[in-house]
Structure formats: C-alpha cells, structure tokens
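Scroll down for the structure; my scribbles are underneath it.
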Amino acid sequence: MNAQDLTFFGSIWAHWLSWTILIPVLGALAIAIVPKDRHTLMKGIALVVSLVVLAMGLTIWFSFDPDSAAFQFAENMKWIPGIGAAYLVGIDGMSMMLLVLTAFLTPIALVGTWTSVTEKMKGYTASILMLEAGMIGVFIARDLFLFYIFWEAMLIPMYLLIGVWGGPRRVYAAVKFILYTLVGSFLMLIAILALYFLHGRLTGIYTFDLAALEQIALPFGPQMWLFLAFTFAFCIKVPLWPFHTWLPDAHVEAPTFGSVILAGVLLKMGTYGLLRFSLPIFPIAATIAVPWMATLAIIGIIYGGLVAWVQKDIKSLVAYSSVAHLGFVVLGIFTFRAEGLSGSILQMVNHGLSTGALFILVGYIYQRRHTREISEFGGLARVMPIYAAFLLVVAFSSAGLPGLNGFVGEFLILIAAFQVSPWMAIPAIPGIIIAALYLLRMVRGILWGPLDKEENKVLKDLNLREIVTMVPLLFFIVFIGVFPKPFLRPLEPVAAKIEKRMSSVRQPVRYVIETPTTVESEEQEIQLKAEEPASDTEPTESDELHSAEMVK
Amino acid sequence: MFEGLYSWSAVAPALVVLATALVVMMTDLFVEPGNRIVPWLTIAGLFAGLVVSISMWGTEEVAFSGAWKIGAFSIYFYCIFIVAAIITIFFSMSHEERRGRFPGEYWSLIPFSVVGMMVMASAADLITLIIGLETMSLCAYVMVGLNRGDKRSSEGALKYFLLGAFASAFLLYGTAFIYGSVITTRFAEITVFVSAHSNAIPFNLQVGAILLLVGLGFKVAAVPFHMWAPDAYQAAPTPVTGFMATAIKAAGFAAIVKIFGLMLATSALVLQDLIWWLALLSMIVGNFAAVMQMNLKRMLAYSSIAHVGYLLTAIVGSDPGVSLQGGTGVLFYLVSYALMTLGAFGVLIIIGGGEDRRETLVDMTGLASKSPGLALAMTIFMVSMSGIPPTIGFFGKFYVFGAAVQSGYTGLAVIGILTSVVGVFYYLRVVVNMYMKPAEKSFVPWRRSRISDITLGVLAAAVLYIGIFPQSLLDLARSAFKSLF
C-alpha cells in the first residue's frame with residue numbers, strides 16, 4: 001500500500017507511533033467531559049481506548065521488520081529548535097517489545113480490576129490513560145529531551161494512582177515513590193545537560209538526538225560522572241539493591257491496577273534506560289562498572305529472594321520477588337553478550353507477564369477476602385479450582401520452570417554470565433532455588449493445607465471476566481516458554497548492536513579528542529586517538545580539563 | 001550623547017500607564033465606593049499600555065541623554081508587568097467579593113507601581129533605576145499594609161518598609177561608590193570601563209558592586225536578605241502577595257540582569273563568588289524552610305526565595321560574550337514563574353473566602369471532591385513549580401540549570417536540583433491534601449466568580465502549552481536579552 005495513494009490513512013500511518021501516545025491522551029480528555037456519575041461509561045472509554053492502542057501495537061508487531069537493528073516507524077519533527085531538541089520517535093526490537101507489552105497489559109489490568117475501584121472514577125480512568133501514554137512515550141523517544149519529558153511526566157499519574165486509590169499507607173508510599181524517583185531523575189537531568197554541552201563543545205552541534213550523542217567518545221572523567229548519574233536514576237527505577245526500598249511500599253499500597261503496571265511496565269523503564277543510554281553512550285564507564293553492577297545485581301537476587309521468603313503479605317512477597325527478578329535482568333545486561341542482552345530484554349517481558357498475572361491473581365482474592373495475609377488463606381484449591389490452576393502456572397512461570405517463559409530468559413542470562421566469568425553466574429544460581437522456595441511457600445500457604453477458615457469455605461471461584469483476563473496472560477506464558485523464537489528474533493539485532501558497541505571498547509581505552517571546539521560543519525570529523533591503557537595511567541591534559549569543568 | 005533628548009515615543013508605554021494611574025485616582029473620587037468602573041478602567045488603561053508596548057516591539061530608542069533606553073528587553077518586561085497587573089486586578093475583584101472592599105486608591109497604586117517597574121526595565125542609568133525602584137517600592141509598601149485594622153498586616157508592612165529603605169540606602173551608597181571610581185552612572189560607560197580595566201578593577205568599584213548586589217538582593221529576597229519576605233507575603237492581601245511575588249520580583253531581576261548579567265559580568269569581580277553563595281543559600285534555605293510552613297502564603301514566600309536561587313544560578317558566571325543562555329534563561333524563567341505563581345495565588349484567593357482566612361494546608365483537604373476544576377488547576381501549578389514536565393516550570397528550570405552547567409558551575413546545578421527535590425515534597429503535599437485526604441472542615445460554599453475562573457483556566461492552559469511548545473517564548477526571551485548589547 002502506497003502512502004501517497006491513501007492520503008488520509010497514509011498520513012495516519014506516517015505518524016502511527018505518535019497516535020499510540022495521542023489516542024490515550026485524547027481518551028483521557030474525553031473522560032474529563034463525561035458526567036461525574038457515569039462510571040461504566042468512563043471505564044468503557046478507557047477500555048476501548050486501551051484496546052485500540054493494543055490493536056495498534058499488534059499492527060506494529062506484525063509490520064515490524066525483526067531482522068533490522070534500525071529504528072522503524074521513525075518520525076522526525078521540529079520541536080524546540082532553539083535548544084536542538086526534536087520530536088524524534090522510532091522503535092527498534094527492544095522498544096517494540098516493551099511498547100507491545102505496555103499496550104497488552106493495560107487493557108488486561110483494566111479488565112482484571114474492573115470492579116475493584118468504585119470511587120473517583122473520572123480521575124482513575126483518566127490517570128490510567130495518561131499513564132499509558134507516558135509509558136509508551138518513554139519507550140519510543142529517541143531524543144534525550146523528549147525521553148526525559150515522558151520519563152517524568154508519567155510519574156504524576158502513577159503518583160495519583162497510588163496516593164488516591166491505594167491502601168491505608170498510600171500517602172507515604174506515593175510520596176516515597178515520587179521522591180526516590182526524582183532524586184535520581186533530577187540528577188540525570190543535570191547529566192543530560194552536561195552531556196548536551198559536552199557534545200556541543202566537541203562537535204559544534206547542540207542536539208539531544210540519541211544517535212548523535214552515541215557517536216562521540218567522551219573523555220574519561222566526564223564519562224564516569226555522567227554514567228554514574230544516568231545509571232543511578234535507572235537503578236532506582238529498576239530497582240537495584242540497595243535502592244529498592246520504595247518498591248515494596250509502592251506495591252503494597254498501590255491499587256491492583258497500579259501494582260500490575262508498576263511491576264509490569266514501570267520497572268522495565270529502568271532496565272530499558274540502562275540498555276538504551278547507559279551502555280551505548282558510556283561504554284568505557286559501563287565496562288568498568290561491570291563488577292560493581294554484577295555484585296549489586298547478585299545481592300539483589302539473593303537478598304530479594306530471602307526477604308520474599310519471609311513475607312506474610314502476598315503483595316510484598318511478589319514485590320521482593322521483583323527485586324530478585326530484576327536483578328537477573330541487570331546481570332544479563334552487564335554481560336554485554338548478545339545472548340545475555342536478548343535474554344534480559346525477554347526477561348523484562350516475562351517478568352511483566354508473570355508478575356502482572358500474579359498481582360491480578362492477588363487482587364482477585366483480596367477483593368473477596370479483603371486481606372492479603374498468607375496465613376489467612378489455606379486450602380483454596382478445594383473451593384477455587386480454576387483460580388488454583390492459574391496461580392500454580394503463574395507461580396511456576398515466575399520460578400523459572402522449564403517449559404514456561406521465565407526459564408528461557410534466566411537460562412540465556414546465566415549462559416552469558418558463565419561465558420563472562422563463573423563468578424558472575426554461580427552466585428546467582430541459588431537465586432533460582434530461593435525463587436522456587438518462596439513461590440512454592442506462597443502456593444502452599446494459599447492453595448493447599450487444611451481449609452480451616454470459615455470465610456474461605458464460601459469463596460466463589462473466578463467468574464468469566466476474571467478468567468478472560470487470565471487466559472491471554474497464560475497463553476503467552478506458555479507460548480514464550482515453548483516457542484520463544486518469534487520473541488527473541490526482533491531482539492537479536494538490538495542485542496548484536498549493543499554487543500558490538502561494547503566489545504569495541506572491551507579494553508579500557510582512553511580517547512583524546514583533538515578537535516578544536518570551534519567547529520561549524522556537521523561533516524567535520526572528530527579525530528580520535530586511542531592510547532594504550534598501559535602507557536597512560538595519568539589522565540591526559542584534556543581529560544583533566546574536561547573533568548575539571550564537570551566537577552567544578 | 002544627546003540623541004533623542006526628549007523622545008516622547010520612547011516613554012510612550014510608561015506614559016500611558018502613568019495616565020491610567022492618574023485617571024483612575026481621579027475617577028475614584030467621583031464614583032461611589034465599590035463601583036466596578038474603577039477596576040475596569042484600570043484594566044482598560046493597562047491594556048492600552050500593553051498594546052502600545054507590543055506595537056513598539058522591534059524598535060530601539062535612547063532618550064533623555066542616554067538615561068533611558070527602550071528596546072526588546074524593556075518591552076519584554078513591560079509585558080510581564082502589565083499582564084501580571086491585569087491578572088492581579090482580576091483576582092482583586094474576586095477577592096473583594098469575599099473579603100470586603102479595597103480602598104479606592106488601591107486600583108491606582110497598581111498602575112503607579114507598574115510605572116516604577118517600567119522605569120526600572122528601561123533604565124540605562126543607575127539613577128534612573130533607583131528612581132524607578134523607589135516609585136515601585138513605595139506603592140508596594142502601601143499595598144502590603146492595606147489591611148489597616150490587622151496588626152499582622154501593619155507589622156509586615158513596617159518590616160517591609162524598614163528593610164526596603166535599608167536596601168535602598170545600600171543601592172544609593174553603591175551607586176555613589178561606582179560613581180566615585182568611574183565618574184559616570186550610565187550603564188554603557190560603566191560596561192566599557194569594566195571591560196577596559198578587567199585586570200585591575202578599582203577597589204571602590206568592587207565595593208560599589210557588592211553594595212548594589214546587597215540592595216538588589218534585598219529587593220528580590222535572596223538569602224540572607226530575605227527576612228522580610230515571609231512576613232510581608234503573609235501580611236499582604238493575597239492578590240497583592242501574588243503581585244509582589246511576580247511583578248516586583250521580575251522588576252528586581254530586570255535590574256539584576258542588566259547590572260550583574262551584563263554590566264558587571266566579569267570574573268575579575270569578586271561578585272561572581274558572592275552571587276554563587278546567594279544562589280546556593282537561597283535554594284537551600286528557601287526549599288528547606290518552606291517544608292515547615294503550614295500557611296500556604298508563607299510556603300509560597302519561601303518557595304519564591306528558592307526560585308530566586310534558581311534564577312541566580314543562571315546569572316552566576318554567565319558571560320553574555322560567550323553564551324546568551326544565562327540571560328535568556330532568566331527572562332524565560334521569570335515568565336514561567338509569573339504564570340504559575342499568579343495561578344497558585346489565584347487559587348488561594350478563591351479558596352480564602354468569607355471571614356475565616358482559609359490559607360493553610362489543612363484548608364486544602366478534600367478540595368478535589370468539592371471543586372475538581374480548581375484542584376486540577378492547583379495541581380498543574382504545583383507540578384510546574386516542582387519542575388516536572390510537561391509544564392513551563394520544567395522548561396524554565398531546565399534552561400537556567402543548563403546555563404549553570406554550560407558556564408561550568410555543575411556543582412551548583414547539582415546542589416540546586418537536589419534542593420528542588422525537597423521542593424517537590426512540599427509542592428506535592430498540597431496535592432496530597434487536595435486529593436488524598438478527606439475534607440476536615442466543612443466549607444462555607446464560596447461564590448465562584450467567572451472572571452477568576454477564566455483567568456485561572458487561561459493560566460493553567462498557558463503553563464501546559466508553553467511547557468510543551470516553549471520555542472516561541474524562548475525566541476522572545478532571546479531577542480529581548482540580545483537587545484541589551
């Protein structure tokens with residue numbers, strides 16, 4: 001189909017990605033003018049809009065060229081030429097996966113929590129749609145400034161979701177969530193500015209275009225500082241141990257929808273940021289950071305698992321299990337090997353599916369019993385057989401049982417880690433066993449055992465709506481586990497690209513930039529001179545100059 | 001030197017506003033108290049002044065033997081002053097409906113003070129600047145003390161007056177020192193002198209510059225010269241507080257940009273280090289002290305001190321010869337700050353109806369369910385003040401911190417951005433109270449006035465729109481700053 005032939009459809013298709021952001025925003029505006037007490041109508045609008053976005057996400061999936069590492073569906077529009085920021089969007093395999101995950105989880109979480117929120121429906125549904133728009137924006141932005149706008153703008157709807165519709169300690173959790181995130185992202189803002197001016201000074205071009213920023217070899221000192229600032233922001237979001245303490249609070253207090261999206265999509269923004277920014281822009285610093293990041297990731301895997309093991313509240317158990325799972329993802333990222341990288345991205349999707357499903361399932365029994373204490377349940381398999389089947393499969397998937405999705409990602413990550421160093425892989429392996437322990441403890445506590453509580457004897461099994469919500473999740477949990485190929489294929493070019501970028505600086509080489517700062521033409525090349533690391537232990541003069549500028 | 005000795009067109013905008021003030025003052029004598037004709041007449045006059053100002057965009061004229069210069073820079077500031085004044089009058093009218101009438105002279109005090117600000121914005125001479133500053137300040141002292149029966153109001157006004165007079169003395173003294181070493185008070189000539197002697201700045205000039213900094217620091221309430229601000233802000237009627245926080249602060253920064261961003265912007269002066277400290281202390285003290293405040297007017301007073309710190313961050317080390325970013329950033333930020341602050345005070349005015357003063361955090365509880373539109377507007381203003389996108393406050397902060405990073409003051413920018421995390425805490429506490437807590441008091445339902453509703457709506461829309469599409473305002477700010485050279 002030629003875009004020029006069908007001008008109307010063609011112009012929409014040319015801005016297909018933008019529409020995936022605009023449609024939820026328009027939906028939120030439509031909800032704003034709906035009369036206050038038409039709750040079903042508002043939920044209906046939110047559902048229809050999110051289904052439209054899902055349909056758009058699926059068209060993207062099917063018309064996406066999985067063998068290309070280039071950014072597809074790219075759009076480039078003038079935005080703020082005064083500072084060199086442009087409206088640049090586009091997706092590669094990683095962005096595409098996460099976009100589809102977002103579009104997939106939003107309607108599911110909405111249906112899954114259809115009856116759990118009954119008040120202030122207008123704000124609730126509008127926040128959901130604004131949140132969806134913000135999350136998609138984060139994954140498709142290719143301009144650092146645009147990325148930052150989305151990165152922070154989606155905080156406000158999430159903050160409201162936790163703070164207004166959350167549990168008893170919701171205000172505390174919401175404020176903690178936003179302050180933790182902002183400490184990191186405000187520092188990242190300064191780092192973005194420093195990177196912008198550094199790039200401008202080195203090349204004469206002031207731009208936030210990620211593709212251009214990736215090109216320059218930053219001097220050693222600034223590279224370390226900027227890497228730290230970016231990575232700090234992403235690590236808080238992941239959250240990597242020891243920056244994780246906001247997560248259990250936010251998860252426990254958030255309404256079910258919030259928990260699902262928080263675990264399913266928001267945490268991935270951190271690991272996405274590591275892959276998209278921290279690694280390609282600061283390859284030398286990232287290489288130096290490998291032992292540190294791997295150590296933190298492994299501590300997170302073990303610590304998260306052990307703490308999850310002793311939780312009484314199901315939601316905080318799942319929350320700590322997220323710390324452990326995301327630890328695996330970070331471990332895979334810092335292998336810098338194609339298998340590890342694509343395993344990590346796949347594991348992000350897997351975690352979104354299985355943890356999202358877990359939170360929805362927790363929400364189901366919470367709505368019936370208004371408690372999440374494991375000790376309050378027991379023997380539910382007898383009264384809720386369908387529920388029991390779902391919970392069992394999802395728990396196995398989360399534990400990484402072969403044949404289900406979690407296994408594929410963890411396996412790839414561990415293989416890559418082994419290739420780098422056994423020391424990177426072996427300490428992480430107990431994490432898998434611990435995961436099985438705490439998940440089985442949860443399953444035993446809820447499903448098996450004596451059915452000794454009167455309230456539990458009369459629990460109704462899942463209704464049709466609830467089953468319908470779970471089926472697509474379960475489908476993909478099994479599908480990815482049995483046949484991961486279609487999901488790994490679009491990730492391979494991305495992983496290969498990052499691996500190539502990282503292996504080009506596997507040896508810690510320092511670059512000295514000899515170009516004078518007064519450069520006008522875009523074609524001007526930066527002369528790079530690689531120096532032998534051994535012969536140059538002292539920072540060179542220009543390094544010192546730049547780092548002095550940075551830390552002044 | 002003598003070009004345009006009596007150029008009336010160069011002072012036309014100021015004259016229109018001055019005439020407005022006089023006409024309004026006279027009209028007030030002949031109509032019965034409370035007649036709405038008076039505020040509307042003020043608005044009409046100010047609007048005429050705005051039209052005249054805008055029509056002169058792009059022209060540049062020097063008058064009165066070089067003591068007065070009108071150009072894009074002045075007109076940019078004229079627009080800030082006049083728009084802030086018009087919005088203040090809108091809010092004052094709806095304030096009157098709730099809290100009783102303002103005395104008739106109030107309506108003429110606003111344009112009178114605007115005249116003073118306009119003189120400051122177009123001054124090309126230290127003496128002219130001080131005349132304008134005094135005109136503006138005298139009106140402000142009176143307006144702060146308008147609640148005559150209220151002891152707190154009198155206290156705030158007196159404090160403001162005494163410290164303001166003190167600050168004026170510093171300014172005059174500094175001017176004297178500068179005159180003593182340069183033998184001129186013209187900005188252009190001082191600039192030439194400073195760049196010619198940049199490796200051997202006379203001691204007297206250093207002292208004079210520091211005294212000017214202290215005087216202007218008082219006027220814009222930079223720490224440690226901020227003591228008067230919280231009391232004066234709380235004492236003044238809320239519309240006046242909004243006016244003080246925006247227009248008067250903008251006028252102060254018009255002077256600061258001219259003097260410290262341009263005339264004395266050389267690293268040969270010890271001044272740069274002092275501004276660095278002023279910026280740092282303002283950001284830290286402003287943000288941390290605001291956390292303790294339960295009264296929203298006091299909270300916004302401290303928050304305005306913090307914003308002064310952000311603005312000074314852009315001035316520190318900004319060398320207009322190298323980059324326009326610092327000055328442009330200040331000009332952009334002043335507009336963004338004016339829009340969101342006027343909006344926040346507007347919401348306070350609407351809430352603070354009736355006899356009880358509803359201006360504390362507790363009074364905001366449950367606002368979201370009582371008046372969702374108002375709560376949404378306040379949320380937008382608070383998010384913008386926190387510097388979270390997609391709002392104008394974010395872009396302003398981005399730009400001023402960018403200026404600091406560009407001129408190598410990354411450390412200051414890092415500290416500043418960390419203190420603004422504290423800022424997020426207290427701004428969002430307002431949102432917490434509005435949305436996440438049930439109403440603690442039962443409100444007497446307030447009368448909504450359409451004027452203030454529309455004004456708030458426009459302000460909120462502007463905060464969002466310019467936040468997403470800042471380019472045109474950025475262009476204006478840049479050409480305004482460029483016109484100074």
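Every chain is numbered from 1 and lettered A, B, ... according to where its sequence line falls, protein lines coming before strand lines.
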Practice item. Pick one of side chain, backbone, both or neither for A/K122, based on which atoms fall under 4.5 Å of a heavy atom in chain B. Key: neither
Exercise for review: Select one option (side chain, backbone, both, neither) describing which atoms of B/T391 are under 4.5 Å from chain A's heavy atoms.
Suggested key: neither
Study note, to complete from the structure: Interatomic distance, CG@A/L262 vs CE@A/M269, rounded to 0.5 Å, equals 10.0 Å
Check your understanding: Would you call the rings of A/F282 and A/F227 parallel, tilted or perpendicular if under 30° counts as parallel and over 60° as perpendicular?
Key -> perpendicular
Practice item. Give, as side chain, backbone, both or neither, the part of B/V383 having an atom under 4.5 angstrom from any heavy atom of chain A. Key: side chain
Review point. For B/L418, is it the side chain, the backbone, both or neither that has a heavy atom under 4.5 Å from a heavy atom of chain A?
Key: side chain
Revision key, fill the gap. Within residues 174-181 of chain A, the residues sitting under 4.5 Å from chain B by heavy atom, in sequence order, are A/V175, A/I178, A/L179
**Study point:** Aromatic ring proximity B/Y426/B/Y302, centre distance under 6.0 Å
**Key:** no
Revision key, fill the gap. When rounded to the nearest 0.5 Å, the distance separating CD1 of A/I140 from CD of A/E75 is 7.0 Å
Exercise for review: Output the distance between atom CG (A/L195) and atom CD1 (A/I216), rounded to the nearest 0.5 Å.
Suggested key: 6.0 Å
Review point. Measuring heavy-atom distances to chain A, does B/F401 have an atom under 4.5 Å in its side chain, in its backbone, in both, or in neither?
Key: both
Review point. Is A/E253 salt-bridged to A/R169, cutoff N-O under 4.0 Å?
Key: yes
Check your understanding: chain A heavy atoms under 4.5 Å from B/T379: which part of the residue, side chain, backbone, both or neither?
Key -> neither
Check your understanding: What part of A/I149 gets closer than 4.5 Å to chain B, counting heavy atoms only: side chain, backbone, both or neither?
Key -> both
In residues 77-88 of chain A, what donor-acceptor pairs under 3.5 Å come from side-chain atoms, sequence neighbours left out?
unit_1, atom_1, unit_2, atom_2, d
A/W79, NE1, B/I468, O, 2.7
A/Y87, OH, A/S18, OG, 2.8

**Study point:** Ring centres under 6.0 angstrom apart (A/F277, A/F147)
**Key:** yes
Revision key, fill the gap. In terms of heavy-atom pairs under 4.5 Å with chain B, the winner among A/F150, A/Y148, A/Y159 is A/Y159
Review point. Going by the angle between their ring planes, with limits at 30° and 60°, are B/Y337 and B/H307 parallel, tilted or perpendicular?
Key: tilted
Check your understanding: So which heavy atom on B/A306 is nearest to which on B/N287, and how close?
Key -> CB-OD1, 3.5 Å
Practice item. Would you mind checking which part of B/L474 comes under 4.5 Å of any heavy atom in chain A, side chain (CB onward), backbone (N, CA, C, O), both or neither? Key: side chain
**Study point:** Portion of B/F398 that has a non-hydrogen atom of chain A nearer than 4.5 angstrom
**Key:** both
Review point. Under the 6.0 Å and 45° cation-pi test, does B/K397 pair with B/Y333?
Key: no
